[in-house]
Amino acid sequence: MIFEHATVLTMNEDREIIEDGAVAIQGNKIAAVGKSRELNEDYPNEQPINCNGNVLMPGLIDSHVHLAQAMIRGCADDLGLLDWLIKRVWVLQGSYTEEDGAASAALCALEMIKSGTTSFIECMLAEAYGFDGAAETIVKSGMRAALGKIVMDTPSYAQAENVMHPGMVEDGDTSVNNTLAMYDKWEGAGEGRIQVWFGARTPGGVTPELYDRISALAKERDMGLTVHISEVREDLDYAEGQGFRSPVEFCQAHGLLGPRSVLAHCVWTDEADFKLLAETGTHVTHNPASNAKTATGIAPINGMLESGVNVSYGCDGGPSNNTYDMIRDMRMVSYLANLREQDPTVVPAETVLEMATINGAKAMGLDEEIGSIEVGKKADFIIIDMDKPHLTPAPDPASTIVYAAHGSDVDTVVIDGKIVMQGREVKTLDETSIIAEARWRFPEVIKREGVDIRPRWPVV
Ligand SMILES: [Zn+2]
């Protein structure tokens with residue numbers, strides 16, 4: 001397949017933008033990248049797909065996703081974090097059946113594909129609502145993913161009194177053994193598109209002994225590991241209570257830092273933490289919209305980036321964002337970092353695009369395979385329809401996409417050499433039935449737990 005007449009944002013080492021560019025695919029790999037006329041000469045027998053001057057760029061990589069939370073979108077708006085967790089998110093997610101879990105994963109995957117996400121890291125799938133169902137759905141969707149299986153042994157969050165819904169609770173042995181069983185079953189599934197990771201809960205939800213155990217297992221098997229760290233100021237108190245200067249230093253002591261570790265949030269971190277993260281090659285996934293909505297703080301990503309930490313970003317979940325649209329959150333990455341430093345130059349559009357593509361690929365351990373449009377890499381890319389009033393004029397496609405585009409401007413999605421969406425029609429999943437199923441399951445879920453969610457204004 002050849003895609004021609006595109007503005008190709010390559011994200012290669014020199015960050016070249018090819019005007020009237022073309023990309024040729026052979027199997028699941030990129031076979032050639034160049035000017036349209038050159039590729040037409042090299043492949044005279046191919047019938048090219050005309051991109052009409054639209055932008056072709058690497059698929060977006062969301063490094064922090066909760067698949068199970070898509071179906072509880074909008075169920076915890078305008079609440080403080082503890083009410084948000086205890087009264088809504090844990091209760092509703094904890095009451096999920098396996099079928100609910102699979103339906104939410106399908107809804108989430110559909111939304112991600114329709115807004116240009118081709119790969120993602122799921123941070124903590126629980127056994128109760130079915131790892132298998134979510135994994136099957138993602139294989140079917142054609143997406144590339146690292147699926148984190150929840151690891152925990154304490155049903156709380158930092159403070160012992162904040163007890164979780166029983167449907168969310170797993171004991172230490174079960175959660176570790178299930179992770180290893182899921183690894184044996186799903187690692188490399190979907191022609192190599194699926195990885196299985198440890199999706200450990202926040203310190204306070206996992207004992208230090210269990211972190212020691214999983215970090216050793218992860219190293220032994222070269223598995224990825226992701227954990228929420230320093231999301232809220234109270235996380236500093238927990239680390240201090242354990243005898244550490246910071247949560248990042250707690251992580252270091254328990255083997256949680258390293259090139260296969262992705263720490264989510266890291267809002268409450270400082271220079272000493274950045275140094276440690278950079279030295280150990282630990283990745284950070286920033287979650288700008290989620291942190292802003294739950295008002296937990298602005299992560300110091302400028303300092304991290306300047307210290308050489310690999311920072312990507314993610315959409316987090318349905319109740320905290322409330323969408324899984326990476327393009328919608330692009331401007332937030334730049335705005336929040338610039339506001340924090342009171343300097344509009346610190347995180348420009350180009351940095352945001354790097355975080356959304358090549359830095360996400362590094363976090364997944366896949367930067368040799370995805371994250372840029374280069375010969376030999378996997379064919380994971382998207383085409384953004386620039387023929388829109390809100391994208392006109394577009395003197396610099398990088399800044400136009402970051403500051404003005406919407407996820408719904410994505411027209412075509414190619415993953416692993418296969419067209420997963422074309423003309424906004426998803427080929428791998430049945431959009432109508434997925435939306436219909438989520439619509440009927442949602443009231444069942446909230447009814448099961450007696451949670452009442454309705455407009456706060458009078459409905460007449
Ligand atoms: Zn999260």
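Here the structure is a predicted model, which is why all the values come from computation and not from measurement. Worth knowing before you read on, the calculation uses all heavy atoms, side chains too, and leaves out hydrogens, waters and symmetry mates.
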Peer 1: Does the side chain of Ser115 come within less than 4.5 Å of Arg328's, by heavy atoms?
Peer 2: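 Answer no - side chains too far apart.
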Peer 1: Whether the side chain of Thr296 engages the backbone of Val232 through a donor-acceptor N/O pair (distance < 3.5 Å, no angle test) should be reported.
Peer 2: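 No; judged by distance alone, with no hydrogens or angles, the pair does not exist.
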Peer 1: Kindly give the heavy-atom pair with the smallest separation between Val420 and Ser141, and that separation in Å.
Peer 2: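 Reported closest heavy-atom pair: CG1-O, 3.7 Å.
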Peer 1: How close do Leu353 and Ile401 get, heavy atom to heavy atom, and via which atoms?
Peer 2: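 The answer is CD2-CG2, 4.4 Å.
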Peer 1: Is a salt bridge present between Lys114 and Asp325, judged by a nitrogen-to-oxygen distance below 4.0 Å?
Peer 2: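 Answer for the salt bridge query: no.
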Peer 1: Would you indicate whether the side-chain heavy atoms of Lys418 and Glu191 approach each other to under 4.5 Å?
Peer 2: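 Yes, at least one pair of side-chain atoms sits under 4.5 Å.
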Peer 1: Run the side-chain contact (heavy atoms from CB on, under 4.5 Å) test on Leu9 and Ile17 for me, step by step, so that the C-alpha distance in whole Å, both residues' side-chain angles and the decisive distance to 0.1 Å come before the verdict.
Peer 2: CA-CA 5 Å; Leu9 281 187; Ile17 298 172; 3.5 Å; yes
Peer 1: Taking atom NE2 of His66 and atom CG of Leu125, what is their separation to the nearest 0.5 Å?
Peer 2: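 The NE2 atom of His66 sits 10.0 Å away from the CG atom of Leu125.
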Peer 1: Measuring only between side-chain heavy atoms, which start at C-beta, is Trp197 closer than 4.5 Å to Glu122?
Peer 2: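 No; the side chains remain at least 4.5 Å from each other.
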Peer 1: Is there side-chain contact between Ile72 and Arg88, with heavy atoms separated by less than 4.5 Å?
Peer 2: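 Heavy-atom side-chain distance check fails, nothing below 4.5 Å.
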Peer 1: Quick one: do the Ser246 and Asp273 side chains pair a donor with an acceptor below 3.5 Å?
Peer 2: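 A donor-acceptor contact under 3.5 Å links the two side chains.
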Peer 1: Any side-chain heavy-atom pair from Val347 and Asn338 closer than 4.5 angstrom?
Peer 2: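 Yes, close enough: below the 4.5 Å cut-off.
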Peer 1: Which residues pass the side chain to side chain donor-acceptor pair (under 3.5 Å) test with Asp212, not counting sequence neighbours?
Peer 2: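 Asp212 satisfies side chain to side chain donor-acceptor pair (under 3.5 Å) with His254 only.
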Peer 1: Counting heavy atoms not belonging to Asp20, are there more than 12 under 6.0 Å from its CG?
Peer 2: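 Yes, the 6.0 Å shell around CG holds more than 12 heavy atoms from other groups.
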Peer 1: State whether the number of non-hydrogen atoms from other residues, nucleotides or ligands found under 6.0 Å of Lys29 atom NZ is greater than 12.
Peer 2: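 No.
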Peer 1: Would you compute the distance between atom CG of Leu147 and atom SG of Cys123 and round it to the nearest 0.5 angstrom?
Peer 2: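 Output value for this atom pair is 11.0 Å.
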Peer 1: Just wondering, more than 12 heavy atoms not from Lys219 lying within 6.0 Å of its NZ?
Peer 2: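 Count over threshold, so yes.
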Peer 1: Is it the case that the side chain of Tyr96 and the backbone of Ala68 share a donor-acceptor pair, with hydrogens and angles ignored and the cut-off at 3.5 Å?
Peer 2: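 It does hold such a pair.
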Peer 1: Consider side chain to side chain contact (heavy atoms under 4.5 Å, CB included). Of Thr226, Leu263, Asn310, which one does His283 pass it with?
Peer 2: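 Of Thr226, Leu263, Asn310, side chain to side chain contact (heavy atoms under 4.5 Å, CB included) with His283 is met by Asn310 alone.
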Peer 1: For Glu38, does the CD atom sit with more than 12 other heavy atoms under 6.0 Å from it, leaving out its own atoms?
Peer 2: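 Check passes, neighbour count above 12.
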Peer 1: Is there side-chain contact between Thr118 and Phe381, with heavy atoms separated by less than 4.5 Å?
Peer 2: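 No, every pair of side-chain atoms sits at 4.5 Å or beyond.
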Peer 1: Under the 3.5 angstrom rule, does the side chain of Asp409 hit a backbone N or O of His406 as a donor-acceptor pair?
Peer 2: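 Yes, Asp409 side chain to His406 backbone: donor-acceptor pair under 3.5 Å.
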Peer 1: Rounded to the nearest 0.5 Å, how far apart are CG of Asp329 and CG of Asp316?
Peer 2: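 Result: 10.0 Å between the selected atoms.
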Peer 1: Quick check: does any side chain N or O of Ser312 sit under 3.5 Å from a backbone N or O of Gly360, one acting as donor and the other as acceptor?
Peer 2: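 No.
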Peer 1: Taking all atoms of both residues into account, what is the closest heavy-atom pair of Ala70 and Tyr324, and its distance?
Peer 2: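 Taking Ala70 first and Tyr324 second, the nearest heavy atoms are N-OH, 3.2 Å.
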Peer 1: Does the side-chain contact (heavy atoms from CB on, under 4.5 Å) test come out yes or no for Met143 and Thr117, once each step is laid out?
Peer 2: CA-CA 8 Å; Met143 294 186 82; Thr117 297; 4.0 Å; yes
Peer 1: Short question: side chain of Asp411, backbone of Asp385 - any donor-acceptor pair under 3.5 Å?
Peer 2: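 Not at all, since once roles are kept as given, no pair shorter than 3.5 Å links the two residues.
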Peer 1: Identify the heavy atoms of Tyr313 and Met326 that sit nearest to each other, and give their distance.
Peer 2: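 That closest heavy-atom pairing would be OH-O, 2.7 Å.
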Peer 1: Working note: Lys293 + Asn322, criterion side-chain contact (heavy atoms from CB on, under 4.5 Å); need CA distance, chi angles, decisive distance, verdict.
Peer 2: CA-CA 9 Å; Lys293 183 165 184 260; Asn322 297 0; 3.0 Å; yes
Peer 1: Just checking Glu279: does its CD atom have more than 12 heavy atoms from other residues, nucleotides or ligands closer to it than 6.0 angstrom?
Peer 2: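 For Glu279, atom CD is crowded (more than 12 foreign heavy atoms under 6.0 Å).
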Peer 1: On a heavy-atom basis, which atom in Ile138 and which in Ala109 lie closest, and how many Å separate them?
Peer 2: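 In terms of heavy atoms, the two residues are closest at CD1-CB, 3.9 Å.
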Peer 1: Is it true that a side-chain atom of Arg233 and a backbone atom of Trp268 form a donor plus acceptor pair closer than 3.5 Å?
Peer 2: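 Absent.
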Peer 1: Roughly how far apart are Met421 CE and Leu429 CG, rounded to 0.5 Å?
Peer 2: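 If we round to the nearest 0.5 Å, Met421:CE and Leu429:CG are 11.5 Å apart.
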Peer 1: Just by distance, with hydrogens left out, do Ser372 and Lys377 show a side-chain donor and acceptor under 3.5 Å apart?
Peer 2: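 There is such a pair (donor and acceptor under 3.5 Å, judged by atom type) between the side chains of Ser372 and Lys377.
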Peer 1: Under the criterion salt bridge (Lys or Arg N to Asp or Glu O under 4.0 Å), I'd like the reasoning laid out for Glu209 against Arg213: C-alpha separation, chi angles, the key distance, then a yes or no.
Peer 2: CA-CA 6 Å; Glu209 296 71 35; Arg213 198 172 147 201; over 6 Å; no
Peer 1: So, for Ile370 and Ala361, which heavy atoms are closest and what is the spacing to 0.1 Å?
Peer 2: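 Between these two residues, the closest heavy atoms are O-CB, 3.5 Å.
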Peer 1: List the steps and the verdict of salt bridge (Lys or Arg N to Asp or Glu O under 4.0 Å) for Arg144 and Glu369.
Peer 2: CA-CA 12 Å; Arg144 198 181 296 286; Glu369 298 188 39; 5.0 Å; no
Peer 1: Atom CG in Leu180, atom CZ in Arg221: separation rounded to 0.5 Å?
Peer 2: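 Leu180 CG to Arg221 CZ: 4.5 Å, rounded to 0.5 Å.
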Peer 1: Apply side-chain contact (heavy atoms from CB on, under 4.5 Å) to the pair Val33 and Glu374, showing each step before the final yes or no.
Peer 2: CA-CA 7 Å; Val33 183; Glu374 291 179 271; 5.8 Å; no
Peer 1: Closer than 3.5 angstrom, by distance alone: can the side chain of Thr10 be matched with the main-chain N or O of Glu16 as a donor-acceptor pair?
Peer 2: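 The answer is yes, because a donor-acceptor pair under 3.5 Å joins these two groups.
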Peer 1: Is it the case that the side chain of Asp380 and the backbone of Asp416 share a donor-acceptor pair, with hydrogens and angles ignored and the cut-off at 3.5 Å?
Peer 2: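 Side chain of Asp380 to backbone of Asp416: a pair is present.
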Peer 1: Hey, what do you get for CZ (Arg424) to OG1 (Thr412), rounding to the nearest 0.5 Å?
Peer 2: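 Going from the CZ atom of Arg424 to the OG1 atom of Thr412 covers 10.0 Å.
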Peer 1: Is a side-chain donor or acceptor of Asn54 paired with a backbone partner of Cys51 at a separation under 3.5 angstrom?
Peer 2: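 Indeed, once roles are kept as given, a pair shorter than 3.5 Å links the two residues.
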Peer 1: Does Phe198 reach the side chain of Tyr211, with side-chain heavy atoms less than 4.5 Å apart?
Peer 2: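 Not touching, per the 4.5 Å side-chain cut-off.
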Peer 1: Compare all side-chain heavy atoms of Asn291 with those of His265 and state whether any distance is below 4.5 angstrom.
Peer 2: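 Of all side-chain heavy-atom pairs linking His265 with Asn291, at least one is under 4.5 Å.
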Peer 1: Determine yes or no for a side-chain-to-main-chain donor-acceptor pair under 3.5 angstrom, with Asn359 supplying the side chain and Val311 the backbone.
Peer 2: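 Yes: the side chain of Asn359 pairs with the backbone of Val311.
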